[in-house]
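Please read all numbers here as calculations on a predicted model, not as lab measurements. Order of appearance sets the numbers: ligands from 1, and atoms from 1 within every ligand.
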Amino acid sequence: MAVEVVEVSPRDGLQNEPEILSTESKVALIQRCVEAGARRIEAVSFVRADRVPQMADAEAVMAAVPRRDDVSYIGLVLNRRGLDRALAAGVDEVNCVVVTTETFSRRNQGASVDEMVRAWSDIARDAHAAGVRVSVTVAAAFGCPFEGDVSPATVGELVRRLTDAEPDEIALADTIGVGVPAQVRQVVAAVRAAAPGVSLRAHFHDTRNTGIANALAAVEAGVTVLDASVGGIGGCPFAPAATGNVATEDLTYALHRSGHPTGLDPRKVIETAAWIGEQLGRTRLPAALGRAGWFPGDPDGRS
Ligand code: MG
């Protein structure tokens with residue numbers, strides 16, 4: 001079974017790194033990801049530049065990315081203003097974020113869960129009307145930095161409400177990297193029961209070394225779309241010293257060696273990770289493959 005890896009380093013990765021790259025470097029990162037085989041890329045976010053200075057040049061990035069029929073660029077939006085900017089910039093997809101818990105929602109989005117569900121519904125309606133794909137990420141689906149445990153039932157109920165706006169896909173995100181594989185199976189089951197037939201994507205963090213195991217558990221539960229970030233860049237905003245997003249090359253290794261082709265060229269992903277590490281002034285990225293290399297008996301790693 002093939003698995004689609006959504007490359008999130010240009011947005012989720014860079015947004016959570018202290019270094020701010022030039023527009024040219026961001027475009028070069030996206031170009032490299034495309035050359036490595038990425039076909040869906042979370043490229044930019046259209047949020048307030050005073051709150052997220054890393055994404056202030058979103059329009060300039062989108063104006064310069066390589067345009068191909070087989071590559072889809074995702075822009076993150078949280079309100080109507082962001083959607084208008086995303087549509088004007090020519091994104092192929094928009095992604096909105098709704099948080100499972102009240103405290104996290106108010107701290108992170110400055111809005112209650114109900115308000116964000118309504119904002120999502122408006123965004124989805126208008127994005128559909130504009131003819132772009134629209135997905136929603138359920139953040140803190142495996143635990144909250146403020147409220148602790150989040151039950152699978154809570155995630156299922158939120159997903160049920162979100163599906164009223166007919167998302168093309170729902171992403172379940174372990175925003176702070178606290179989930180474990182048994183929980184992944186429970187959450188996926190609860191979501192499938194609450195919203196039968198909805199397309200699922202999963203977003204894991206390797207903050208506590210469970211990211212790859214969680215990703216494989218999700219695949220075994222039938223999830224065929226996973227987010228990842230080259231080199232594992234992106235950190236964790238709630239654990240500043242910790243690693244963050246699952247690394248694309250580490251995930252690719254686990255998937256290819258498990259019989260799940262991704263279309264990615266691991267050598268090019270590893271090269272891209274080394275390159276982005278230099279751009280960010282990082283001598284040691286979270287990804288393990290950059291240090292260990294691919295399996296010796298399978299030098300291509302193609303699958
Ligand atoms: Mg992330």
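With a 4.5 Å cut-off on side-chain heavy atoms, H205 and I176 do not count as touching.
Around the Mg ion (ligand 1), the protein N, O or S atoms found under 2.8 Å comprise D12 OD2, H203 NE2, H205 NE2, N245 OD1.
Salt bridge D92/R133: absent, no basic N to carboxylate O contact under 4.0 Å. Classification of R40 and E4 as a salt-bridged pair holds, one side-chain N sitting under 4.0 Å from a carboxylate O.
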Only distances under 3.5 Å count here; give the side-chain donor-acceptor pairs of residues 124-132 to other protein atoms, sequence neighbours excluded, each with its distance to 0.1 Å.
unit_1	atom_1	unit_2	atom_2	d
R125	NH1	D122	OD1	3.3
D126	OD2	R80	NH1	2.4
H128	NE2	E166	O	2.8

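Checked against side chain to side chain donor-acceptor pair (under 3.5 Å), R282 has the following partners two or more places apart in sequence or in another chain: E17. Applying the ring-ring contact (aromatic ring centres under 6.0 Å, His included) criterion to Y73, with sequence neighbours excluded, gives no partner residue.
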